[in-house]
Amino acid sequence: MSDTLTADVIGRRVEVNGEHATVRFAGVVPPVAGPWLGVEWDNPERGKHDGSHEGTVYFKCRHPTGGSFIRPNKVNFGTDFLTAIKNRYVLEDGPEEDRKEQIVTIGNKPVETIGFDSIMKQQSEVLDNLKILYIRKVDLSKNLLSSWDEVIHIADQLRHLEVLNVSENKLKFPSGSVLTGTLSALKVLVLNQTGITWAEVLRCAAGCPGLEELYLESNNIFISERPTDVLQTVKLLDLSSNQLIDENQLYLIAHLPRLEQLILSDTGISSLHFPDAGIGCKTSMFPSLKYLVVNDNQISQWSFFNELEKLPSLQALSCLRNPLTKEDKEAETARLLIIASIGQLKTLNKCEILPEERRRAELDYRKAFGNEWKQAGGHKDPEKNRLSEEFLTAHPRYQFLCLKYGAPEDWELKTQQPLMLKNQLLTLKIKYPHQLDQKVLEKQLPGSMTIQKVKGLLSRLLKVPVSDLLLSYESPKKPGREIELENDLKSLQFYSVENGDCLLVRW
Amino acid sequence: MRECLSIHIGQAGIQIGDACWELYCLEHGIQPNSVVLDRQQDQLENAKMEHTNASFDTFFCETRAGKHVPRALFVDLEPTVIDGIRTGQHRSLFHPEQLLSGKEDAANNYARGRYSVGSEVIDLVLERTRKLAEQCGGLQGFLIFRSFGGGTGSGFTSLLMERLTGEYSRKTKLEFSVYPAPRISTAVVEPYNSVLTTHSTTEHTDCTFMVDNEAVYDICHRKLGVECPSHASINRLVVQVVSSITASLRFEGPLNVDLIEFQTNLVPYPRIHFPMTAFAPIVSADKAYHEQFSVSDITTACFESSNQLVKCNPRLGKYMACCLLYRGDVVPKEVNAAIAATKSRHSVQFVDWCPTGFKVGINNWPPMVMPGGDLAKVHRSICMLSNTTAIVEAWARLDHKFDLMYAKRAFLHWYLREGMEEAEFLEAREDLAALERDYEEVGQSF
């Protein structure tokens with residue numbers, strides 16, 4: 001480590017026993033002799049102090065225990081790209097040495113692994129013939145790269161690079177507007193957990209004219225400006241786990257012409273609005289968006305899905321683990337409601353929506369909100385149909401569903417009374433035509449009660465023997481008509497006695 | 001040379017076959033019309049293509065017109081499912097003679113599949129098999145895809161396997177079987193069908209890879225975010241395993257694993273030939289690139305029950321053999337380190353009488369996923385085939401269900417009507433009991 005005390009070591013990324021850190025200071029720390037490196041750990045609890053020692057501040061850390069002083073020889077600066085490739089794929093030691101390494105023990109038995117020599121030979125041929133230039137995909141994640149310049153330096157050598165993954169490298173991005181080097185063949189760029197900001201994203205993207213997929217998970221991104229000349233070819237944008245994103249920022253990326261997949265999982269989003277489109281109209285935002293992922297968010301309003309209906313090209317949606325869809329019991333109902341709310345949806349939560357399911361969902365929706373529709377002024381006669389603004393906003397597709405399946409009929413909307421005993425009781429009036437001074441009673445009797453038992457009840461009430469009683473009934477629906485209840489063994493139901501009818505007792 | 005014939009039987013076998021050939025075509029760059037995709041490539045790519053032409057010959061037959069036709073046969077006793085293939089995306093991939101369907105199906109009845117309805121179709125199937133075998137220079141063996149629980153999958157397969165052993169006695173026969181799920185039943189008589197078919201097929205198969213719908217269903221639901229996994233989702237995952245197992249046969253690789261090598265390394269006794277499959281990493285497409293998976297990570301994941309394709313608990317059993325098939329960006333040094341890490345897991349116990357051999361296969365061709373599917377594309381993957389005594393749990397479950405129904409002779413008349421006798425049931429059940437005892441015996445210490 002001959003360059004330990006030169007200034008360019010500051011800002012470099014290092015690794016010590018599996019933990020990553022950034023060098024913030026290089027020099028002497030009196031009273032102890034010898035060179036020291038002051039590092040700020042990625043893990044804020046790993047260190048002992050915040051960069052100061054015995055009162056003197058040598059460097060600054062963001063956390064009070066984020067820093068440490070380490071001897072330069074204990075620190076791993078990593079290797080360069082080509083050496084790393086050689087180390088991984090090529091046999092550096094002789095075959096004999098490697099054979100020793102191959103014997104591993106499990107329990108007490110040596111484990112044999114067979115046949116590695118030929119693989120290693122083949123893989124080293126890759127490098128011998130300088131086929132490195134044809135590398136298409138590079139995964140440099142979790143390394144010690146410290147700046148975007150270093151990445152460009154590597155990528156420049158790889159003319160055919162299509163996929164570049166530099167996740168989990170804390171990179172410094174240059175603040176100037178011109179970045180050297182274009183990655184002309186690059187299609188997929190993965191910058192998860194790099195600490196990049198939106199402005200820096202746009203600057204890097206300027207060097208990737210053909211970029212199709214951009215992954216920016218867990219970067220605390222705040223979308224600050226609208227991309228004008230960059231990102232226009234991007235088809236997939238992954239903004240998962242960026243908690244600072246809110247729906248207003250999404251307007252800034254709403255006009256990317258080719259954006260087909262947008263991943264907003266775990267961003268804390270609770271709503272989306274497309275104010276440029278009214279009820280039943282399509283928005284001009286996100287014109288090509290086919291697949292939207294909003295798992296693990298805070299969606300709790302059904303109006304969210306009404307807004308999604310405004311998207312012109314939406315075909316697939318993933319909406320798991322949101323407050324609205326959390327309950328297992330409710331999952332089935334939630335699924336049907338979502339399907340009914342978004343007409344062109346073909347796949348929900350990675351399950352294809354078959355025509356049968358869609359039909360069932362839409363009919364259910366139509367029935368479920370039928371009473372509300374009626375109360376809001378709905379009517380099957382289009383002349384008389386005057387729906388309130390409120391209803392139309394809450395259920396924008398309802399009119400369309402009425403057109404498709406017909407307006408809901410009254411009999412469909414009758415709510416079923418639960419099958420409890422009290423709902424099966426008939427409320428009957430009891431009159432005594434021959435004894436006009438007796439009060440008219442009202443009693444609740446089950447329909448399955450036999451005439452004999454009714455007579456028994458009345459007999460106890462009136463203190464008249466059962467054999468003297470003659471029963472009949474009349475119904476307000478058919479006034480004037482009296483029906484005799486002659487067969488003691490039959491029930492009230494048998495005689496079609498209904499709620500509100502009147503029993504006539506004579507003796 | 002070293003060609004393999006795939007035979008897909010019954011609805012399960014055919015649907016898995018459909019997904020399987022779709023994936024193979026993706027991996028080899030074959031278009032749905034059987035023509036190899038002639039991408040404009042630089043020299044290196046073309047050189048690689050020539051190389052691979054020689055190896056996908058094991059699974060595809062090249063016709064004079066330059067088309068690549070799969071070496072496969074699809075058989076069902078009723079036409080609906082096969083019609084799906086005849087009219088589907090891949091209809092031009094297969095020759096019409098490879099898609100065989102009868103008129104009347106087996107109605108979830110082993111007896112119909114084996115005796116009554118199956119016997120009418122068997123000769124035609126054997127004739128077509130002969131034709132396909134003749135096109136091969138050096139046929140290695142057969143890969144049979146079927147389910148245990150269905151009528152055709154159980155009954156017809158046992159009939160076919162018997163006849164294949166008769167005609168091609170020296171050829172290996174490997175099975176990919178869908179085992180009836182413990183808690184999700186598609187047919188009440190699955191236990192009958194499964195026991196009967198296992199009894200009659202065991203002596204004719206060299207190795208059976210089992211897959212359980214419930215395990216795969218759970219994986220799809222929990223790891224891939226699929227709310228209600230359909231057969232399509234399940235099959236897409238299953239074929240990744242099938243592809244890993246056959247990768248060495250289809251791509252040139254330094255560690256080639258012939259069909260015979262599987263047998264030799266995984267099967268200690270002829271009847272103990274039911275390895276368990278596990279696959280890693282299983283990443284949802286919505287979470288692509290969120291996590292990096294090193295060789296160590298995926299190797300450890302294989303030993304977790306959430307990555308297994310059969311519901312059983314290997315911690316309760318002992319391993320007899322283990323095969324690790326790596327695909328993609330994997331180097332031997334990392335494999336060694338990964339295996340060393342496994343040794344510190346006390347839950348991995350080997351039987352006393354078996355040397356702790358991990359057979360390792362590495363194929364540098366990366367795993368591919370179907371576009372629009374649920375899985376994310378990863379740099380490297382592993383498929384683990386392990387012969388563990390814990391799989392006896394699966395058989396015990398099945399036998400228990402069989403016993404419950406047989407004790408009351410429930411549903412038996414459907415089988416007796418087709419000409420079967422109760423004696424066959426008893427024989428089959430005895431055989432499975434013996435299998436359970438065999439497993440217990442091999443697991444015992446000295």
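Small disclaimer: the values here were computed from a predicted structure and weren't measured. Quick note on labels: first sequence line is chain A, next is B, and so on, each numbered from 1. All values below were derived from every heavy atom in this structure, side-chain atoms included, with hydrogens, water molecules and symmetry-related copies excluded.
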Give every donor-acceptor pair under 3.5 Å between a side-chain atom in residues 280-289 of chain B and any protein atom, sequence neighbours left out.
unit_1 : atom_1 : unit_2 : atom_2 : d
B:S284 : OG     : B:D286 : N      : 3.2
B:D286 : OD1    : A:Y291 : OH     : 2.9
B:D286 : OD2    : A:Y291 : OH     : 3.1

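Neither the backbone nor the side chain of A:S265 comes within contact range of chain B; no heavy atom of the residue lies under 4.5 Å from a heavy atom of that chain. Only the side chain of A:Q193 comes within contact range of chain B, with at least one heavy atom under 4.5 Å from a heavy atom of that chain. In this structure, the portion of A:E168 lying under 4.5 Å from any heavy atom of chain B is its side chain and not its backbone. Neither the backbone nor the side chain of B:L324 has a heavy atom closer than 4.5 Å to any heavy atom of chain A.
Under 3.5 Å, the side chains of B:D83 and B:T80 contain no donor-acceptor pair of N or O atoms. Side chains of A:D238 and B:H290: a donor on one and an acceptor on the other come within 3.5 Å.
Here A:V190 is the residue among A:V190, A:T347, A:L320 with the most heavy-atom pairs under 4.5 Å with chain B. Contact count versus chain B (heavy atoms, under 4.5 Å) is highest, among A:Q261, A:R335, A:K137, for A:R335.
The backbone N or O of A:S167 sits nowhere less than 3.5 Å from a side-chain atom of A:N192 that would complete a donor-acceptor pair.
A pairwise comparison of heavy atoms in B:H231 and B:N213 identifies CE1-ND2, 4.4 Å as the closest pair. Across all non-hydrogen atoms, the minimal contact from A:D42 to A:K170 is OD1-CD, 3.9 Å.
Classification of A:R136 and A:E162 as a salt-bridged pair holds, one side-chain N sitting under 4.0 Å from a carboxylate O.
For residues 374-386 of chain B, heavy-atom neighbours of chain A at less than 4.5 Å comprise B:D374, B:K377, B:H379, B:R380, sorted by residue number.
Between A:L337 and A:F305, every side-chain heavy-atom pair lies at or beyond the 4.5 Å cut-off.
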Discussion item. Could you go through A:D266 and A:S240, starting from their C-alpha distance and side-chain angles, then the distance that decides it, and tell me whether this counts as side chain to side chain donor-acceptor pair (under 3.5 Å)?
Written reply: CA-CA 6 Å; A:D266 190 29; A:S240 317; over 6 Å; no

